[in-house]
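Some notes on the structure that comes next.
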Amino acid sequence: MTDRPVPVLLRHAAPYGEEPTDVLLADGVIVALGADAAAHPAAAGAQEIDATGRVLLPGLVDLHTHLREPGREDAETVGTGSAAAALGGYTAVFAMPNTDPVADTAGVVEQVFRLGQDIGLVDVLPIGAVTVGRKGERLAELGAMATSVAAVRVFSDDGDCVSDPMLMRRALEYVKAFDGVVAQHAQEPRLTVGAQMHEGAVSARLGLTGWPAVAEEAIIARDCLLTDHVDSRLHVCHLSTAGSVDVVAAAKARGTAVTAEVTPHHLVLTDELAVGYDPVFKVNPPLRTDADVAAVRAGLADGTIDIVATDHAPHAQQDKECEWDQASPGMLGLQTALSVVLETMVRTGLLDWRGVARVMSENPARIGRLAGHGRPVAVGEPANLTLVDPDATWVVRGSELASRSANTPFEGRELPGRVVATFLRGRPTVLDGQLVGADVGAGLGTRGE
Ligand SMILES: NC(=O)N[C@@H](CC(=O)O)C(=O)O
């Protein structure tokens with residue numbers, strides 16, 4: 001995929017949902033923007049796309065994706081996950097290290113990075129594990145991962161909390177050498193032994209062991225203090241409670257270098273969904289209450305929460321279609337994230353399209369220190385772009401998603417907004433809502449049993 005992409009002329013596209021204009025993409029960058037774009041010399045032979053009524057955004061960047069390769073290719077591969085990402089409007093995804101083997105060495109992160117490059121649908125940026133094997137016992141070779149070709153800047157034991165405060169302190173100190181960040185899965189393990197869902201009225205009614213909000217809030221508070229102490233940089237994964245919003249707001253107010261993410265599912269779904277004991281709604285951290293949903297929406301709107309990250313967590317059928325307490329936590333997110341943000345944040349007036357670009361592209365790229373993504377829609381910038389039809393609606397069907405797994409919590413639900421096209425360095429990866437040249441090798445196969 002080293003040949004030059006055919007130039008693309010987007011007719012009447014609306015950058016950030018504002019004034020429609022023509023946009024010319026050539027040689028991987030935006031070369032012209034405005035009424036005279038079609039007259040630009042580089043427009044000769046361009047593929048014209050009628051983008052009337054479409055919103056043009058910088059390509060989305062997901063700071064929290066599980067691609068499952070290596071090790072659980074029956075649930076997802078770099079190929080199927082890249083396809084889901086491109087269809088969801090993403091041009092870059094950060095891949096969590098809870099694979100088998102764990103991405104805790106330069107060798108594994110380079111393998112994942114190269115797989116992503118070979119497939120070429122999105123840039124895949126591996127996240128390195130903080131501790132060897134994600135066991136929380138000793139630090140992994142963070143420096144070797146940082147200086148590898150994958151140039152890792154984000155480190156996380158996601159799925160598990162770095163609960164030992166001394167290890168967390170050391171990790172925060174260590175990543176400063178290469179401007180890295182520790183992305184913490186904030187879950188106090190002693191407060192969540194055997195936890196199955198949010199601790200509250202619904203868990204009491206159902207008789208399921210609860211996962212109290214304080215187990216998240218206590219770790220965030222501790223880590224903000226540690227971050228101040230060693231003058232480092234902290235990112236909070238999948239923040240889910242009203243109290244956590246308050247803790248992060250207080251830390252930011254006193255100058256802590258902390259950023260936070262919320263998932264699409266925590267913007268809309270609540271613990272009431274557990275009443276049917278359908279494990280598709282089992283996730284970590286768990287779905288919370290209406291009050292928490294309102295608080296994380298408000299936190300995202302006012303900037304306390306910096307980004308939306310999917311926590312796309314594919315699971316094979318046998319790991320989801322079983323008893324609630326046996327089921328693996330996690331839900332798909334890449335192909336529904338933008339629609340959920342449109343429904344919960346844009347339609348409600350909490351964010352405009354510039355705000356969507358900020359929380360789904362610019363801020364995640366900045367936190368992950370990823371150059372070339374999350375840039376403005378402007379002349380000279382890399383043509384990593386997504387084109388959205390904000391008026392379309394669609395009904396989610398897990399079986400129709402590109403992911404190898406089908407565990408979407410939005411099955412059968414009508415959502416607003418469709419990704420019409422995605423461009424990676426000027427080359428379409430998605431056109432008319434379909435993958436372009438869906439040759440992702442062995443990666444795109446039949447769904448696992
Ligand atoms: N978010 C989830 O519910 N699941 C994650 C890991 C985790 O955070 O437990 C996964 O890898 O499946």
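Note that ligands are numbered from 1 as they come in the structure, with each ligand's atoms numbered from 1 the same way.
The shortest side-chain heavy-atom distance between M331 and V280 does not fall under the 4.5 Å cut-off.
Other residues, nucleotides and ligands contribute over 12 non-hydrogen atoms within 6.0 Å of the CD atom of E188.
Evaluation of the side-chain contact (heavy atoms from CB on, under 4.5 Å) rule for A171 yields V130, L139, V182 as partners, not counting sequence neighbours. With sequence neighbours left out, D271 forms a side-chain hydrogen bond (donor to acceptor under 3.5 Å, both in side chains) with no residue at all. Partners of D302 according to the side-chain hydrogen bond (donor to acceptor under 3.5 Å, both in side chains) rule, which considers only residues two or more places apart in sequence or in another chain, are T304.
Protein residues with a heavy atom under 4.0 Å from ligand 1 are H66, R68, N98, D158, G159, H185, V283, N284, D311, A313, H315, P329, G330.
Screening H66, E76, R68, R72 for a side chain to side chain contact (heavy atoms under 4.5 Å, CB included) with H315, the sole residue that qualifies is R68.
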